[in-house]
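Every heavy atom of this structure was used, including side-chain atoms; hydrogens, water molecules and symmetry mates were not. These numbers come from a predicted model, not from an experiment.
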Amino acid sequence: MIVERGGKVVLGDILDSEGHSVSQALNAQYKRKVSVYQHCDVGNFGDIQALIDRAVTEYGVLDILVNNAGIGGSVPWFESDGGSLSRTIDINLKAPIEGTRLAVRYFIENGRPGCVVNVASMMAFFPVEFGPVYGATKSGVVNFTASCATLALMDPPIRVNAVAPNFADTAMARDVPRNGLLAMNGILTVDEVVLQMIRCVEDDGLAGDSIKMLPGRSPLLHNGRKAVASGVVTLAKL
């Protein structure tokens, strides 16, 4: 959808074959170079920096960063080893924080407005027995995003927002225990989620907000607290 609106994208993933194929398909569809692929394991912070660097190298600037990577897990959390739990925290929480940090530094250092879109989950707002670690990381993403609200007061403004979908039609949803949960809650299409990501970018009134998404219902802004200006951030110098 970003390309449809005239943008160009750098796709980052660990699935290199699939990533290259999607990038090539976009270029073929639009008959010009609108996409490149960059290997990116967000558990390696150097890969996140390389992704941003690639955008600047290819297109001259960075305008938008979407922190979309996430993992869930298909076994009860208490049967996972410590390494598995740590990777869930690394991918779902630490990586979005680091990606946001790097993007914000780029925007400030280059005197540019910018947008960051984080991907949280409805599990940030209600506990489920099979995913307490996943839910905790997504709660952290919502809180982190809300804490970034005052960046929009800077000149030029930097807006950090999040989408918080319920189950969406992705590989992760297909790992959910087959106990009727998906049938009971329904499932969002990927396009529905992406449309709200675009809203996070295009709606200048959103800053530090999380958009809750449930199948069959209108998206709803989370009515939670957001950071208020104290002067610490808006007066900060790098």
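The two residues G19 and L11 come nearest to each other via the heavy atoms O-CD1, 4.2 Å. Between S147 and A227, the closest heavy-atom pair is O-CB, 3.6 Å. Residues T100 and C148 approach most closely at CG2-SG, 4.5 Å, considering heavy atoms. Residues I48 and A95 come closest through the heavy atom pair CD1-O, 3.9 Å. Of all heavy-atom pairs between C200 and V117, the closest is CB-CG2, 3.9 Å. Taking each heavy atom of R199 and P219 in turn, the nearest pair found is NH1-CB, 4.0 Å.
Separating the CG atom in L93 from the CG atom in N143 is a distance of 9.5 Å, to the nearest 0.5 Å. We find the NZ-CD distance between K33 and E58 to be 3.5 Å, quoted to the nearest 0.5 Å. Note: F107 CZ to L62 CG = 4.5 Å, rounded to the nearest 0.5 Å. To the nearest 0.5 Å, the span separating OG1 on T137 from CD1 on I91 amounts to 10.5 Å. Distance check: R101 CZ to E98 CD gives 4.0 Å after rounding to the nearest 0.5 Å. Between H20 atom NE2 and Q38 atom CD the span is 9.0 Å, to the nearest 0.5 Å.
When atom types are taken as modelled, the side chain of R159 and the backbone of L206 share a donor-acceptor pair closer than 3.5 angstrom. With hydrogens and angles disregarded, no donor-acceptor distance shorter than 3.5 Å links the side chain of N67 to the backbone of V119. R54 contributes a side-chain N or O that, together with a main-chain N or O of Y37, makes up a donor-acceptor pair within less than 3.5 Å. In this structure, N27 contributes its side chain and V34 its backbone to a donor-acceptor pair below 3.5 Å. Distance alone, capped at 3.5 Å, places no donor-acceptor pair between the D90 side chain and the G43 backbone. Between the Y59 side chain and the V9 main chain, a donor and an acceptor come within less than 3.5 Å of each other. At distances below 3.5 Å, not a single donor-acceptor pair connects side-chain atoms of Y106 with backbone N or O atoms of R112. Panel note: side chain D63, backbone G114; no donor-acceptor pair is recorded below 3.5 Å. No donor-acceptor pair under 3.5 Å is formed between the side chain of K94 and the backbone N or O of R87.
Listed by chain and number, the residues in a side chain to side chain donor-acceptor pair (under 3.5 Å) with S139 amount to none (sequence neighbours excluded). For D209, the side chain to side chain donor-acceptor pair (under 3.5 Å) partners at least two apart in sequence or on another chain are K226. When the side chain to side chain donor-acceptor pair (under 3.5 Å) test is applied to D53, the partners found at least two apart in sequence or on another chain are Q49. H39 meets the ring-ring contact (aromatic ring centres under 6.0 Å, His included) test with no other residue; sequence neighbours excluded. Considering only residues two or more places apart in sequence or on other chains, P113 meets the side-chain contact (heavy atoms from CB on, under 4.5 Å) condition with P156, P157. For R5, the side chain to side chain donor-acceptor pair (under 3.5 Å) partners at least two apart in sequence or on another chain are E202.
For the pair M197/N68, a side-chain contact is recorded, criterion being any heavy-atom separation below 4.5 Å from C-beta on. Residues N166 and F126 meet the side-chain proximity criterion, which asks for heavy atoms closer than 4.5 Å. Under the 4.5 Å side-chain criterion, counting only non-hydrogen atoms from C-beta, T88 is not in contact with W77.
Remark: N223 CG is loosely packed, at most 12 non-hydrogen atoms of other residues, nucleotides or ligands lying under 6.0 Å away.
Using the six-membered ring where Trp is involved, F125 and H222 have ring planes that are tilted, between 30° and 60° apart.
If you chain together hydrophobic residues whose side chains sit under 4.5 Å apart, F144 and L221 never meet in one group. Connection of M154 to V160 is established within a shared hydrophobic cluster, with ILVMFWY side chains joined at heavy-atom distances below 4.5 Å, either directly or through further cluster members.
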